[in-house]
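The sequence lines fix the lettering, A, B, ..., with proteins before strands; numbering per chain opens at 1.
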Amino acid sequence: MPELPEVETIARKLASVLTGQTIVHVEVLWERTIARPTPDAFRTKLVGAGVLEVGRRGKYIQTTLSTGQTLLVHLRMSGKFVVSTDGPGDDRHARLRLHLADGTWVVYVDPRKFGRFYLVDDPCEVTGTLGPEPLSADFTAEWLTAQLARRRGEIKRLLLDQRFIAGLGNIYVSEALWQAGIHPQRAAESLTPAEAQRLHAAIVTVLHEAVADGGTSLADRQYVYPDGGLGQHQAHLHVYDRAGERCPRCGYTVERIVQGQRSTYFCPVCQTER
DNA sequence: CAACCGACCTGTTCGC
DNA sequence: TGCGAACAGGTCGGTT
């Protein structure tokens, strides 16, 4: 579920809880939550580890440990963290629990069981195939223009490919294409340099604004942060999940189509086919 | 490569 | 009210 802005928000909140702490106890409640190493090795290597730093790469939360290893978490569709100072709780969807030296519990909750933890020597084992960070200096309009010219697929689907750019997901791709005025079914290579430039600016702007809002919490999907808070960006979405409503720019009706078995929302007037 | 499919999972909403 | 279908912020692996 979470995309870059939500993962960034979660990583910041977790950083304030975990940084400087020592993990004293690990409970794995759903073994497949641990992608690698084995659940037993994961527990053994994590107990006693201190947390030096918590950050983000793409949609991964990345935690540097005193043991030299790195703990990475991908929340996929329904993963979330819950922090508690009075006991481990009893959420039926809890998949992993970390007990910290000061008594705090950090509980990983994931109804759909898609999320995965990785404990590795080198984070590149997990994040090495990711494309550039869209909010870093690596991501430039020139780079995007040159890359798009060599890709034949639909622009919407390309932007969801984490090997191309890391961190965009279904919400922010729809929003960025709307912002740039580009139809989601356009072939990537058909974008003009001016359009590529607009798309670059739109991606950066949309992500910056969403991070500033603490991400998006769609009401019916109960997206909650480690401290129980909600993001605020849902109030500022222009097209995502708004099929049948008016385009805020031109007033025409927002449409929903399916690309790659996933919903895309766009304005057929503002986002032209060619 | 690309397009397309199912798989991984459970919960909620929608349509009849 | 009930029940199945559709849908959900993600990714991987397989086939054509």
Side-chain angles (χ1 to χ4, degrees), chain A residues 1-11 29-36 56-61 72-81 91-96 108-118 125-131 134 147-177 184-190 206-207 210-211 213-225 230-244 256-265:
Chain A
M1 84 181 117
E3 307 179 30
L4 186 155
E6 293 76 39
V7 178
E8 177 68 26
T9 305
I10 293 164
L29 296 107
W30 175 256
E31 297 216 328
R32 296 183 64 183
T33 297
I34 313 304
R36 69 177 89 148
R56 178 192 60 75
R57 171 79 174 100
K59 297 175 192 170
Y60 291 87
I61 297 165
L72 295 124
V73 186
H74 196 303
L75 306 168
R76 295 284 182 96
M77 292 294 269
S78 61
K80 50 184 123 336
F81 282 98
D91 193 311
R92 58 187 292 230
H93 300 306
R95 308 301 178 201
L96 183 98
Y108 176 70
V109 176
D110 187 357
R112 293 179 71 178
K113 303 177 176 173
F114 288 170
R116 293 291 180 265
F117 283 62
Y118 307 77
E125 293 172 42
V126 178
T127 59
T129 58
L130 294 179
Q147 293 299 312
L148 291 179
R150 328 201 260 108
R151 298 292 195 125
R152 255 160 290 174
E154 292 175 339
I155 185 65
K156 153 79 188 309
R157 297 186 63 167
L158 179 61
L159 294 177
L160 282 180
D161 186 343
Q162 303 298 297
R163 295 167 300 183
F164 185 64
I165 300 174
L168 290 172
N170 219 29
I171 294 180
Y172 300 111
V173 166
S174 276
E175 291 295 312
L177 287 170
Q185 289 174 318
R186 290 275 301 279
E189 65 178 355
S190 76
V206 162
L207 291 176
V211 169
D213 279 339
T216 299
S217 297
L218 294 177
D220 53 334
R221 287 163 215 166
Q222 302 186 334
Y223 190 45
V224 182
Y225 288 123
L230 295 170
Q232 298 303 318
H233 196 65
Q234 57 279 8
H236 303 136
L237 296 176
H238 302 287
V239 287
Y240 183 82
D241 208 19
R242 301 212 186 290
R256 170 186 178 270
I257 57 173
V258 175
Q259 292 178 277
Q261 301 168 161
R262 312 202 59 201
S263 296
T264 304
Y265 299 88

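Shortest non-hydrogen contact noted between A:Gly79 and A:Asp110 is N-OD1, 3.5 Å. Of all non-hydrogen atoms in A:Arg57 and A:Leu130, the two that sit nearest each other are NH2-O, 3.4 Å. A pairwise comparison of heavy atoms in A:Gly169 and A:Leu160 identifies C-CD2, 3.3 Å as the closest pair.
Straight-line distance from the CZ atom of A:Arg157 to the P atom of C:dG10: 14 Å, rounded to whole Å. To the nearest angstrom, P of C:dC7 lies 12 Å from OH of A:Tyr240. One interatomic measurement links the two molecules: CD of A:Gln234 to C1' of C:dG9, which rounds to 12 Å at whole-angstrom precision. Distance, A:Arg36 CZ to C:dC12 P: 10 Å, rounded to whole Å. Atom NZ in A:Lys59 sits about 4 Å away from atom P in C:dG10, given to the nearest Å. Here the C1' atom of nucleotide C:dG9 and the OH atom of A:Tyr172 are 8 Å apart, to the nearest Å. When rounded to the nearest whole Å, the span between CD of A:Gln259 and P of B:dC5 equals 14 Å. Whole-Å rounding puts the A:Glu31 CD to B:dC8 C1' distance at 17 Å.
Within the structure, every side-chain polar atom (N or O) of A:Lys80 is placed at least 4.0 Å from both OP1 and OP2 of C:dG9. For C:dA8, the OP1/OP2 oxygens have no side-chain nitrogen or oxygen of A:Arg262 closer than 4.0 Å.
No side-chain heavy atom of A:Leu72 sits under 4.5 Å from any side-chain heavy atom of A:Glu125. The side-chain heavy atoms of A:Phe164 and A:Leu159, taken from C-beta on, include a pair separated by under 4.5 Å. In this structure, the side chains of A:Tyr108 and A:Leu75 come closer than 4.5 Å at one or more pairs of heavy atoms. Residues A:Pro5 and A:His233 are not in side-chain contact: their nearest non-hydrogen atoms beyond the backbone lie 4.5 Å or more apart. You'll find the side chain of A:Glu3 stays beyond 4.5 Å of the side chain of A:Val173, heavy atoms only. You'll find the side chain of A:Tyr240 stays beyond 4.5 Å of the side chain of A:Thr216, heavy atoms only.
Nucleotides B:dC5 and C:dC7 have their P atoms positioned 14 Å apart, rounded to a whole Å. Remark: the separation of the C1' atoms in B:dC4 and C:dG9 is 22 Å, to the nearest Å. Taking the P atoms as reference points, C:dA6 lies 22 Å from B:dC9, given to the whole Å.
Comparing A:Gln261 and A:Arg150 along DNA chain B, the residue whose closest nucleotide (by nearest heavy atom) sits nearer the 5' end is A:Arg150.
Side chains of A:Tyr60 and A:Gln162: no donor on one and acceptor on the other come within 3.5 Å. A donor-acceptor contact closer than 3.5 angstrom is absent between the side chains of A:Tyr225 and A:Ser217.
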Derivation of the side chain to side chain contact (heavy atoms under 4.5 Å, CB included) call for A:Ile171 and A:Asp241 | CA-CA 8 Å; A:Ile171 294 180; A:Asp241 208 19; over 6 Å; no
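A:Ser263 comes within 4.0 angstrom of the backbone, heavy atoms only, and of no base.
For the strand DNA chain C, secondary-structure stems (runs of at least three Watson-Crick or G-U pairs, all distances below 3.5 Å) span B:2-8 with C:10-16, B:10-16 with C:2-8.
For DNA chain C, the residues of residues 158-171 of chain A within the heavy-atom distance limit of 4.0 Å (strictly under) are A:Gln162, A:Gly169, A:Asn170, A:Ile171, sorted by number.
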Heteroatom pairs (N/O) under 3.5 angstrom, protein to nucleotides 9-11 of chain B:
residue, atom, partner, partner atom, Å
B:dC9, OP1, A:Arg32, NH1, 2.7
B:dC9, OP2, A:Arg32, NH1, 3.4
B:dC9, O4', A:Arg112, O, 3.4
B:dC9, O2, A:Arg112, NE, 2.7
B:dC9, N3, A:Arg112, NH2, 3.3
B:dT10, OP1, A:Lys113, NZ, 2.8
B:dT10, O4', A:Pro111, O, 3.4
B:dG11, OP1, A:Arg92, NH1, 2.9
B:dG11, OP1, A:Arg92, NH2, 3.3
B:dG11, OP1, A:His93, NE2, 3.1

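Distance from the side chain of A:Tyr265 is smallest to C:dA8 among C:dA8, C:dG10, B:dC4.
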